[in-house]
Amino acid sequence: SQMFTTVYGHRGHRLIRFIWVLFNIIIWTLIWASIGIVLSLFDWSGRPIAWVANRWSRILLYISGITYSINGLEHLNPDQQYVFIANHESAFDIFLVFAALPYSLVFLAKKELKKIPFLGWAMILGRNIFVERKNHNAALASMEVAKKSLQKYPRSIMIFPEGTRSLDGNMKPFKKGGAILSIQTGLPLVPMAICDTFDVVKKGSFSITPKPIHLEIGHPIDTSKYSFEERNRVTELLRNKVVNLKSTWAAREPNSTNI
């Protein structure tokens, strides 16, 4: 390791850290997914996988040298189901959300994740909702699947409405799925800002930067007064709230590296 660092310098340190974290992600995913699969044989509600995901995420953040903080949990009712919405900057956003939110949580996830051994199996048993992002009709149909699943097995759902991670740290336009699901189910929408994760690991990068990250939680939005035809308005309202939450956090943290 010392010879490697001497030859490759600081970039060598980063690569070694990246390989170490990636190795741990693979190993701990196999371990915790297996635990979740076994527990799911006794409880088909998806709750065992949500419990496993919380522990899995905390361990991986710790191993990666990343601390996290949360602000705004007091806005939420522990016994309420929610549709959680947040910006998406990094692969570590998923770990942050699972670790920080004390809720039985499922994701609206891209269909391709189902094909990954162990992780995909655990996500299926956890009753996560898979969506075909490139097919508009299929995406709308997945909202109906999500509605029925959340009614049958009461849980909260997490959605990244930008659809994919930001390449430059700037927030992209929001897709309407979260607003539609909230309007159709009557579950409150919760805007959240994921802060300072962009530089932890950039998309396509082989470098991990240990640093503090943060989840800023806003007040829930009651969508019962909105109709399906107002989904665009709700989506715009939601994005504005996420932008404001991130700006509020940035004002408190002048040394942040968020864009």
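Count residues from 1 along the sequence. FYI, side chains are in, hydrogens and waters are out, and symmetry mates aren't considered; it's all heavy atoms of this structure. Predicted model, so just to flag it, every value in this text is computed and none were measured.
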Report task. Taking side chain to side chain contact (heavy atoms under 4.5 Å, CB included) as the test, write out the residues that go with His75, two or more places apart. Result -> His219, Pro220

Query - For the student: nearest non-hydrogen atoms of Ala50 and Ser104, plus distance - result: CB-OG, 3.6 Å

Query raised in the report: Do the non-hydrogen side-chain atoms of His214 and Asn71 ever get within less than 4.5 Å of each other?
Result: yes

Return a table of donor-acceptor pairs under 3.5 angstrom between the side chains of residues 21-35 and protein atoms on other chains or two or more places apart.
from: Asn24; atom 1: OD1; to: Trp28; atom 2: NE1; distance (Å): 3.3
from: Asn24; atom 1: ND2; to: Trp20; atom 2: O; distance (Å): 2.9
from: Thr29; atom 1: OG1; to: Ile25; atom 2: O; distance (Å): 2.5
from: Thr29; atom 1: OG1; to: Trp56; atom 2: NE1; distance (Å): 3.0
from: Ser34; atom 1: OG; to: Leu30; atom 2: O; distance (Å): 2.7

Report task. Tell me, with the steps shown, if Thr197 and Asp93 meet side chain to side chain donor-acceptor pair (under 3.5 Å). Result -> CA-CA 7 Å; Thr197 63; Asp93 297 349; 2.6 Å; yes

Report task. Check the pair Glu162 / Lys175 against side chain to side chain contact (heavy atoms under 4.5 Å, CB included), numbers first and verdict last. Result -> CA-CA 6 Å; Glu162 292 168 276; Lys175 298 181 185 299; over 6 Å; no

Report task. Sorted by first residue and then second, give each salt bridge (charged side-chain N to carboxylate O under 4.0 Å, His left out) pair with at least one member in residues 215-228; sequence neighbours left out. Result -> Glu216-Arg252

Query raised in the report: What residues, two or more places apart in sequence or in another chain, satisfy side chain to side chain contact (heavy atoms under 4.5 Å, CB included) together with Thr223?
Result: Ser182, Ile183, Leu189, Ile221, Tyr226, Val234

Requested in this report: For Lys152, enumerate each residue passing the side chain to side chain contact (heavy atoms under 4.5 Å, CB included) test, keeping only those at least two apart in sequence or located in another chain.
Outcome: none

Query - Side-chain heavy-atom pair Ile180, Gln184 within 4.5 angstrom cut-off - result: yes

Requested in this report: Test side chain to side chain contact (heavy atoms under 4.5 Å, CB included) on Val200 and Lys211 and set out the steps.
Outcome: CA-CA 7 Å; Val200 171; Lys211 61 184 299 190; 3.7 Å; yes

Report task. List the atom of Gln80, the atom of Ser156, and the distance in Å for their closest heavy-atom pair. Result -> O-OG, 4.0 Å

Query - Smallest separation among heavy atoms of Met192 and Asn87, with atom names - result: O-OD1, 3.7 Å

Query raised in the report: Are any non-hydrogen side-chain atoms of Ile213 and Cys195 less than 4.5 angstrom apart?
Result: no

Requested in this report: List for me each residue that meets side chain to side chain contact (heavy atoms under 4.5 Å, CB included) alongside Ile159, sequence neighbours excluded, and say none if there are none.
Outcome: Val83, Ile85, Leu108, Ile157, Pro161, Leu181

Report task. List for me each residue that meets salt bridge (Lys or Arg N to Asp or Glu O under 4.0 Å) alongside Asp43, sequence neighbours excluded, and say none if there are none. Result -> Arg47

Report summary line: So CD1 of Ile66 and CZ of Phe92: to nearest 0.5 Å the spacing works out to 4.5 Å

Query - Partner set under ring pair (Phe, Tyr, Trp, His ring centres under 6.0 Å) for Phe107, not counting sequence neighbours - result: Phe98, Phe160

Query - Residues forming a salt bridge (Lys or Arg N to Asp or Glu O under 4.0 Å) with Arg58, sequence neighbours excluded - result: none

Query raised in the report: Which heavy-atom pair separates Pro191 from Val242 by the least distance, and what is that distance?
Result: CB-CG2, 3.9 Å

Report summary line: Sorted by chain and number, sequence neighbours left out, salt bridge (Lys or Arg N to Asp or Glu O under 4.0 Å) with Arg231 holds for none

Report summary line: The ring pair (Phe, Tyr, Trp, His ring centres under 6.0 Å) partners of Phe84 (sequence neighbours excluded) come to Tyr82, Tyr103

Query - salt bridge (Lys or Arg N to Asp or Glu O under 4.0 Å) partners of Glu230, counting only residues at least two apart - result: Arg233

Report task. Answer yes or no: is there a side-chain heavy-atom contact under 4.5 Å between Ile217 and Val190? Result -> yes

